[in-house]
Amino acid sequence: MPELPEVETTKNGIAPLIESQKITTINIRNAQLRWPVDIKLCKKLIGLSVLSVTRRGKYLICDCGFLSFIIHLGMSGTLSVVPVGTAYKKHDHVEIIFENNRCLRLNDPRRFGCFIVTELPFQHKLLTKLGVEPLSRFFYANYLFELAQKRQVNIKQFIMNSEIVVGVGNIYANEALFLSGLHPLTPCNQLDKKQCLDLIRNIKSVLRAAIKQGGTTLKDFTNAEGKPGYFQQTLNVYGRKDLPCVECGTLLREIRVNGRSTVFCECCQQLANAN
DNA sequence: ATTGGAACCTGGTGGC
DNA sequence: TGCCACCAGGTTCCAA
């Protein structure tokens, strides 16, 4: 579930339902996530109110005053807000009950997500090394160009590196490279400034479009389940191996780049030959 | 310092 | 049906 657009959508969905609500109970049903949930520390949240919910990369930060909690959804995590007493689902890990008899539940089958209680979330080790937000003005051509000059990795791995820019996951990396006409294996230090500018524009536009769709598709996710349709959004390459390129009709190829499935058009995304 | 690969997990799918 | 291998939206950690 969790590409940046979905984390953003999740944030927008839960924020109005839990902001300014006082926490009355916390149930840790299964502490096993990427790092074990610190149950003792969690209990200190009781009595505090959620002041704000913000996003940094794919992390959600719920500020409760002198304590905050950080949530990451990993590969399979979802958050929902449901009435107290709603039947639990398999893999419900954390439940936070609020004064208004609603509760926030973190469900995560693969347990790659995390739930961390901390005093200063933005100084937490997980957040301090993060690169710029892709939709901010700090993500611009010269920024990308100068960092790319210093590296040897392929462009796909480069834009998926959260120390460079946060929130570009496998799906949107594939999509942005297609829109930019860049072969995924192009060494990042081969890009010129214009290509960097183009790539940045495409990353921004693909993320913005996805947020728009995520907003539509996942609008009702806080109710009960709700979510189908996300995959129906217009993806040009991801998940389209052996299907015709929307631009030229060539059958799309799939390769593995640093272990991640990578689909591209050999015709539209050619690898520049450095003699 | 940079880079590639393994590791962390469960669930779904497709082949035999 | 059953069993098994393989794949999946992410990130950390370790070794070279």
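Below, each value reflects all heavy atoms present in this structure, side chains not excepted, and no hydrogens, waters or symmetry copies. A, B, ... follow the sequence lines: proteins, then strands. Residue 1 opens every chain.
Atom pair K125(A):NZ and dT11(C):P shows a separation of 15 Å (rounding to whole Å applied). In this structure, the CZ atom of R260(A) is 9 Å from the C1' atom of dT11(C), given to the nearest Å. Atom-to-atom, CG of L73(A) to C1' of dT10(B) comes out at 16 Å; the value is rounded to the nearest Å. To the nearest angstrom, C1' of dG4(B) lies 14 Å from NZ of K156(A). Remark: C1' of dT11(C) and CG of L4(A) are 15 Å apart, rounded to the nearest angstrom. Rounded to whole Å, the distance from CZ on R110(A) to C1' on dG9(C) is 9 Å. N154(A) has its CG atom 14 Å from the C1' atom of dG5(B), to the nearest Å. Rounding to whole angstrom units, NE2 of residue H124(A) and C1' of dT12(C) are separated by 13 Å.
The closest side-chain heavy-atom distance from L60(A) to R55(A) is below 4.5 Å.
Side chain R34(A) to base dT11(C): a donor-acceptor pair is found below 3.5 Å.
Linking ILVMFWY side-chain heavy atoms closer than 4.5 Å, directly or via other members, places Y140(A) and V132(A) in a single hydrophobic cluster. With hydrophobic clusters built from ILVMFWY side chains whose heavy atoms lie under 4.5 angstrom apart, F138(A) shares a cluster with L144(A).
Residue contacts shown for Q32(A) are absent, as no nucleic acid heavy atom lies under 4.0 Å away. Contact annotation for K90(A): backbone-only contact, meaning every heavy-atom pair under 4.0 Å involves sugar-phosphate atoms and none involves a base. F158(A) comes within 4.0 angstrom of no nucleic acid atom, judged by non-hydrogen atoms across all strands.
Remark: R29(A) qualifies as a cation-pi partner of Y88(A) under the 6.0 Å distance and 45° angle criteria applied to the six-membered ring.
Between dC14(C) and dC9(B), the distance separating the two P atoms is 15 Å to the nearest Å. Here, dT11(C) and dA1(B) have their P atoms 23 Å apart, quoted to the whole Å. One P atom belongs to dC6(C), the other to dA6(B), and the distance between them is 14 Å to the nearest Å.
The side chain of P109(A) approaches dG11(B) more closely than any other nucleotide in the set dG11(B), dG10(C), dA8(C). Counting only heavy atoms from C-beta on, R151(A) has its side chain closest to dT3(B) among dG11(B), dA8(C), dT3(B). Comparing atom distances between the W35(A) side chain and each of dC13(C), dG9(C), dG11(B) picks out dC13(C) as nearest. Side-chain proximity of R256(A) to dT11(C), dT12(C), dA8(C): nearest is dA8(C). Counting only heavy atoms from C-beta on, R111(A) has its side chain closest to dT10(B) among dT10(B), dT12(C), dC13(C). Taking only side-chain atoms of M75(A), from C-beta outward, the nucleotide of dG4(B), dG9(C), dC9(B) with the closest atom is dG9(C). Closest to the side chain of H91(A), from the set dG11(B), dT12(C), dA8(C), is dG11(B).
For the pair G259(A) and S162(A), both in contact range of DNA chain C, the more 5′-proximal nearest nucleotide belongs to G259(A).
Stacking between F112(A) and dC8(B) is present: the aromatic ring centre lies within less than 5.5 angstrom of the base six-membered ring centre, and the two planes differ by under 30 degrees.
Summarising the geometry, atom OG1 belonging to T128(A) is positioned 9.0 Å from atom CD belonging to Q123(A); distances are rounded to the nearest 0.5 Å.
H91(A) and H93(A) have parallel rings, their planes meeting at less than 30° on a 0 to 90° scale where 60° marks the start of perpendicular.
Phosphate proximity of dG9(C) to Y238(A): present, with a side-chain N or O under 4.0 Å from OP1 or OP2. When the side-chain nitrogen and oxygen atoms of S76(A) are compared with OP1 and OP2 of dG9(C), none of them lie within a distance under 4.0 Å. For the OP1/OP2 pair of dG4(B) and a distance below 4.0 Å, the side-chain nitrogens and oxygens of Q157(A) include at least one atom meeting the criterion.
If you check dG14(B) for Watson-Crick or wobble pairing at under 3.5 angstrom, you find it paired to dC4(C). Under the Watson-Crick or G-U wobble criterion, with both distances below 3.5 Å, dG5(B) is paired with dC13(C).
Not one N or O on the side chain of N174(A) forms a donor-acceptor pair closer than 3.5 Å with the backbone of T262(A).
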